[in-house]
Amino acid sequence: MPSPSDTKAPCFDPAQPRSLQHFFEELDFWFEDIGITSDTQKKRYARRYTDFSTAELWQALPEYASTPSPSPSLYSDFVSAIIALYPEADPRTRFADVTDLAVIVSRQVRLATQTCAHIGEYYRSFYPVAASLVAQGGLAKVKRDELFLIGFGPSFSCCVKWKLEITMGLSPHGSYSIENAYHVALAVAHSLEALE
């Protein structure tokens with residue numbers, strides 16, 4: 001396993017709890033690549049790749065102990081116990097409701113101009129939250145698509161809708177897929193940037 005200071009080493013930053021799943025996926029890659037199968041070794045390595053306070057917390061978990069009665073705790077139990085400490089890391093509850101999406105939309109609306117860079121950042125922020133909510137049944141796809149357009153503000157949103165209608169025809173339900181809206185928004189922003 002790489003040294004914790006190695007740039008290739010997996011690292012968990014407790015200030016970014018949503019990265020926890022990725023951290024454990026990286027650890028699993030290393031464990032498989034190097035051939036580490038011992039649950040005790042895996043737990044020790046997981047602790048090594050985070051800060052001191054987090055390592056202490058993880059070591060205090062009952063699932064960390066190597067020899068509890070009646071049998072040793074599994075690494076998978078240890079991982080589950082850690083994920084339970086960080087609710088925002090659990091993919092099933094990471095984005096609990098539409099208010100998470102509303103925050104992203106309102107942040108985008110406040111931008112004075114819509115550049116390609118802003119639109120790309122908005123899409124990258126909006127998409128994972130929306131996809132999670134749709135998968136959980138907490139948001140309909142049509143509502144997702146409407147919310148995405150609202151983020152562009154009234155005037156830019158009208159330009160995007162107009163271009164969508166021209167290029168794709170009228171939508172029977174009044175909205176267009178987020179993917180189509182994203183690409184058209186980029187095209188409109190690019191055209192406006194070229195005029196400046």
Side-chain angles (χ1 to χ4, degrees), residues 6-27 29 49-51 54 83 85-196:
D6 189 324
T7 57
K8 295 179 184 174
C11 181
F12 173 63
D13 177 1
Q16 299 291 327
R18 286 179 37 203
S19 69
L20 188 60
Q21 290 284 350
H22 179 71
F23 168 73
F24 282 118
E25 289 169 7
E26 285 296 306
L27 278 176
F29 168 80
Y49 296 112
T50 190
D51 65 47
T54 304
I83 291 172
L85 295 172
Y86 305 91
E88 55 272 66
D90 187 340
R92 296 167 297 160
T93 59
R94 185 178 326 170
F95 307 115
D97 58 36
V98 181
T99 53
D100 296 317
L101 206 53
V103 169
I104 296 167
V105 170
S106 65
R107 190 178 325 129
Q108 183 70 17
V109 166
R110 286 192 296 269
L111 292 175
T113 59
Q114 299 292 339
T115 65
C116 290
H118 290 141
I119 293 166
E121 185 178 325
Y122 174 49
Y123 183 75
R124 290 187 301 274
S125 299
F126 185 96
Y127 194 85
V129 177
S132 177
L133 290 171
V134 169
Q136 295 171 28
L139 182 67
K141 287 182 180 181
V142 171
K143 185 66 176 168
R144 172 203 63 190
D145 300 339
E146 291 170 1
L147 282 171
F148 184 70
L149 278 173
I150 289 170
F152 294 129
S155 59
F156 191 81
S157 179
C158 283
C159 292
V160 172
K161 284 181 188 176
W162 178 74
K163 178 114 175 149
L164 280 164
E165 288 174 6
I166 290 172
T167 57
M168 308 192 73
L170 272 166
S171 170
H173 46 75
S175 69
Y176 298 88
S177 77
I178 184 175
E179 294 82 5
N180 290 334
Y182 169 65
H183 292 293
V184 167
L186 284 175
V188 170
H190 183 70
S191 298
L192 292 173
E193 288 172 2
L195 293 174
E196 294 177 355

> Considering non-hydrogen atoms only, spot the tightest contact between P14 and T54 and give its length.
CG-OG1, 3.2 Å
> Taking all heavy atoms of V160 and all of A181, pick out the closest pair and write down the distance.
CG1-O, 4.0 Å
> I need the single residue from L149, I166, V184 that forms a side-chain contact (heavy atoms from CB on, under 4.5 Å) with K161. Which is it?
L149
> How far apart are the closest heavy atoms of A189 and T115, and which atoms are they?
CB-C, 4.1 Å
> Hey, could you give me the CG/NZ distance between N180 and K163, rounded to the nearest 0.5 Å?
12.5 Å
> For the rings on Y86 and F12, is their centre-to-centre separation under 6.0 Å?
yes
> Could you give the distance from SG (C11) to CG (L27), rounded to the nearest 0.5 Å?
10.0 Å
> Walk me through whether S19 and H22 qualify under side-chain hydrogen bond (donor to acceptor under 3.5 Å, both in side chains).
CA-CA 5 Å; S19 69; H22 179 71; over 6 Å; no
> Check this for me: Y127, atom OH, are more than 12 non-hydrogen atoms of other residues, nucleotides or ligands nearer than 6.0 Å?
no
> Mind checking whether Q21 and I83 have side chains closer than 4.5 Å, heavy atoms only?
yes
> Apply side chain to side chain contact (heavy atoms under 4.5 Å, CB included) to the pair L147 and F126, showing each step before the final yes or no.
CA-CA 10 Å; L147 282 171; F126 185 96; 4.1 Å; yes
> Enter the distance from T167:OG1 to H183:NE2 here, rounded to the nearest 0.5 Å.
12.0 Å
> Check whether any side-chain heavy atom of Y182 lies under 4.5 Å from a side-chain heavy atom of Y122, and answer yes or no.
no
> Check whether any side-chain heavy atom of F148 lies under 4.5 Å from a side-chain heavy atom of Y123, and answer yes or no.
yes
> Just wondering, more than 12 heavy atoms not from E179 lying within 6.0 Å of its CD?
yes
> Within the 4.5 Å heavy-atom criterion, are Q108 and I104 side-chain neighbours or not?
no
> Can you tell if the side chain of I119 reaches within under 4.5 Å of the side chain of F152, non-hydrogen atoms only?
yes
> Side chains of R144 and L133: does their closest heavy-atom pair fall under 4.5 Å?
no
> Tell me the closest heavy-atom pair linking R124 and P128, and the distance in Å.
O-CD, 3.0 Å
